[in-house]
Structure formats: structure tokens, C-alpha cells
Amino acid sequence: MIITIDGPAGVGKSTVAKMLAKKLNIAYFDTGAMYRAITYAIIKYKIDIENELAVLELLKNNFQYEIKEKNGLKLYFVNGEDVTETIRSNYITEAVSLVSAKAYVRQNLVPIQRKFAEDKDMICEGRDMGTVVFPNAKVKIYLTAKVTVRATRRFNEFVEKNPQNITTLDKHQILLDIQNRDEKDTKRKVSPLRKAKDAYHIDTSKLAAEMVVKKILKIIKKQKRIKFSYRVVSFLSKIFLKTFYKYQVYGKENLIKGAAIITSNHVSFLDPAIITASIDEELHFLAKESLFKVPFFKIIIKALNAHPISGKESNIQTIKKVKDILRSGQKVVLFPEGTRSYDGKVNKLLPGVGFLINLTKCTIIPAYIHGAHEVWERGRKFPKLFGKNKISCTFGKPIRHEEFEKIAKNERIPLILNRIETELKKLETWTENGCKGNLP
Ligand code: DC
């Protein structure tokens, strides 16, 4: 799950994100540090920030950004140099607003930020996390505090670090700096700081960090709750499958955290229910538009977060939706054969699915459903309830998109499809041989 925290300078985002990450035992990602790091590199290599080509060249060829952890502290490296302290210096703070306002800088850093969060539960803090980088995050927090409060907090931090060096001017200067950064962060053209429509607003002016964390934990608990109708369908599916078909799940360890595209073979109308019952998180499905017209069935698929796909080429909205869901760290289920199998065997996969997968660059998890064809083959009105039929669902090893990145673009789609089909067939053979030994 991705949790975004946005807000102005000095509002306590980092403090809260760190505390929250510790409580939830998940990672946190300070994207401000990344903008600071690129600012450092631009200054160090004497690059003119207005020279777009030179900045792009730096980003492409001479900016290796790494985050390491030592004794619970995050260390930031640029091209192997530890810049943890340096990026907090005044000269960086003064320059960073100018750098982070450039569209060509953001366009390059945002994909890296999304990549960092791939396969993970993560708290991401910055200015545009909830609005631009992870617009579909399940929990979005927007922190604010009066500018005078924020200045006092920064001043106190400053006093702690420089006890010999306090003057009243410093406090006033901090207030001016923060006002100046607020102005730049909120008024810039690209990705200005603003509250996402669905973000929870917390005014921290009168709250200690612990209280803010407590409030956010409450919000997470509420948001984590799986939609009621989804829970009902998932619960009933489990009971139904266990009662009538001794249903089993294999390979759950292959279900990575966070975003993934689950590609399942398609043998019956039970398949969405089988997948839902096999994964303990709220999933999204893509379903043929025509299925939304089938009475009763449409209620179930809507409960299961099905999104219509028309089969026409103009599925831009669906592609956008899928991208948004994946970016939020959730999983999408596809049936890449496009239609139910006639003989229960894995069939050829649709090129459109390869196209979609290639666009999203997301990790794929193959899922193989066995036994449901015998229970509810094409032409049957209702599933066979009594008999010796068993149903199982097996998840294969994740297929990472990096595997295909070195391959020429025009060859990629058939290769992706081939890879998924091969994995599904391996799972098919393994299941038909009695699910013995290690998973393929
Ligand atoms: O949070 P911070 O003060 O370390 O951020 C440094 C600068 O980076 C600040 O001027 C705003 C900018 N920033 C941004 O534009 N987008 C983000 N997601 C994070 C920070």
C-alpha cells in the first residue's frame, strides 16, 4: 500500500513519515531529498538550470542517486558521494525550488520515484505525491500548519544543531525563507503543492508529531478496510469453493507486495471468484463491456472492482485507469485469452494484453486455475455442485518487466505473451501431474 504525505516546508512531513514507517514497519521515501540531490549535482557540475539539454544530459548520464540505510538512518549518495548532510545546506535549500519547478526535471524524476515504490508498501512524502506521482494511493495525507508555527519548529531544530549561533535575525530569516518557499511551491506551473481532492487534511499547528501519527494510523485503518461488497463476494466465494470443490491455493509466496498484473487463464464464470478468494487483498479486474449487461453477474463484477474493456482500440481511458491502479500499489487481474477456453486448456493470448502490459511496465504474476472448466464449461447454465471435482488456483513466479527491456520494442509484445503463455502451461502441467514437488 502506498501512503502519500504532502505539505509545505517545515510542516513535519519527514518526522511524521519516519515515525509512521517505524510503527508500520514499512519503508518511507523522502522525495524532497531527491530534488535536493539533483540540485546538488547541478551546482557541483556547474550546469545552467535553464539549459534543458545540459540538465537532461546530467540526469541521463551523470546522476546516480542511491539511498542506503545505516543504523536506522537514511544516507543519500550522488555518484557514490555521501551527500546526506550537504543536501540540507542553505545553498541547496535556496536553489532547490528553482530546480524542482522545471518540468524537464520532474518528468525525469517522477518515473524513478514510482519505480522506488514498486513491489513495496511505502510512505512517500513530498509536494505532489497524492496529486501527480501516486494519484490512486489508498491513503493520502495533506499536512498544514501556520507559517509561524513551522518557522518556530525549524528555528528549534536550528537551535538544537547550532546552540552557539542563535540570533533573533535567524528566526526571522527562517520565517521569510519558509514564506518564500511556500510561494514558490504553491505558485509554480508544474505540479504545484496542493491538496489532492481525496486527501485527508490535518492541521498540525497545535499537534505534536505523535498525535499526527495517531491520526494517520486511524485513517489507514479505515482506508485499509476492504470495500464491504468486495468482502462479501470474497467471503462467499471462499465458502462456496471450499464446500463444493475442496478448493486449494498454491504459490501464494509468489504474490509480491504492491502493484502487479495477475494474468490468469480463463475457463469458467467462476474464475473472478476463484482469484478473489485466493488473494487476501482488494483487487481490480478488467472485464468485457458486454458482461456489465448480464443481470446479477454485473452486480458481482462491480463488487469486485471490474472495469469495462471494450475490445476496441480506443481503450485509452481503461489503460489510464489500469496505470493509476498500479501506481497506487494495487493489483489488476487480466484474463489474457480474452474469452473462456473451449477445452479447459491454456489458449493463445491476445496481443492487446501484451500491449497493455508493455505500457505499464509492471511485474506480471501468472495464475493458473484448474478444475473450474469441468465444473462450469461453456453452454452450462449453472455450475455442477455435487461430484468429485476439485478446483485449485496456482500462482507462478513473478515475471519482471526488466526481462524485456533490452529487447527491441517491436519484438517485445510477442515475447511478453509467449513468456506468460509458457508459464501458464508449466503451471498447467504441474497441476495436472498432481501438484507434486516444487512449483515450476
Ligand atoms: O521537503 P523538502 O524541503 O526537502 O523539499 C525540497 C524541495 O523540493 C522543495 O522546494 C519542494 C521540492 N519538492 C517538490 O517539488 N516535489 C516533491 N515531491 C518534493 C519536494
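In listed order, ligands and their atoms are each counted from 1. Hydrogens, waters and symmetry mates are skipped; everything else that's a heavy atom, side chains included, is used.
Ligand 1 lies less than 4.0 angstrom from a heavy atom belonging to Arg88. Not a single heavy atom of Lys184 sits closer than 4.0 Å to an atom of ligand 1. Residue contact check for ligand 1: Ser97 places a non-hydrogen atom closer than 4.0 Å to it. Contact annotation: Arg188 has at least one heavy atom less than 4.0 Å from an atom of ligand 1. Contact between Gln113 and ligand 1 is absent, with no heavy atom of the residue lying under 4.0 Å from the ligand.
Residues Ala33 and Arg88 come closest through the heavy atom pair CB-NH2, 3.6 Å. Nearest heavy-atom pair, Phe285 versus Thr276, reported as atom, atom and distance to 0.1 Å: CZ-OG1, 3.5 Å.
Between the side chains of Ser89 and Tyr40, no donor N or O sits under 3.5 Å from an acceptor N or O.
Polar contact with ligand 1: absent for Asp30 (N/O pair, distance under 3.5 Å). Note: no N/O pair closer than 3.5 Å links Glu125 and ligand 1 by distance alone.
In summary, Lys320 and Asp324 engage in a salt bridge, as defined by a charged side-chain N under 4.0 Å from a carboxylate O.
For the pair Lys74 and Tyr28, the distance from NZ or CZ to the six-membered ring centre is under 6.0 Å and the angle to the ring normal is within 45 degrees.
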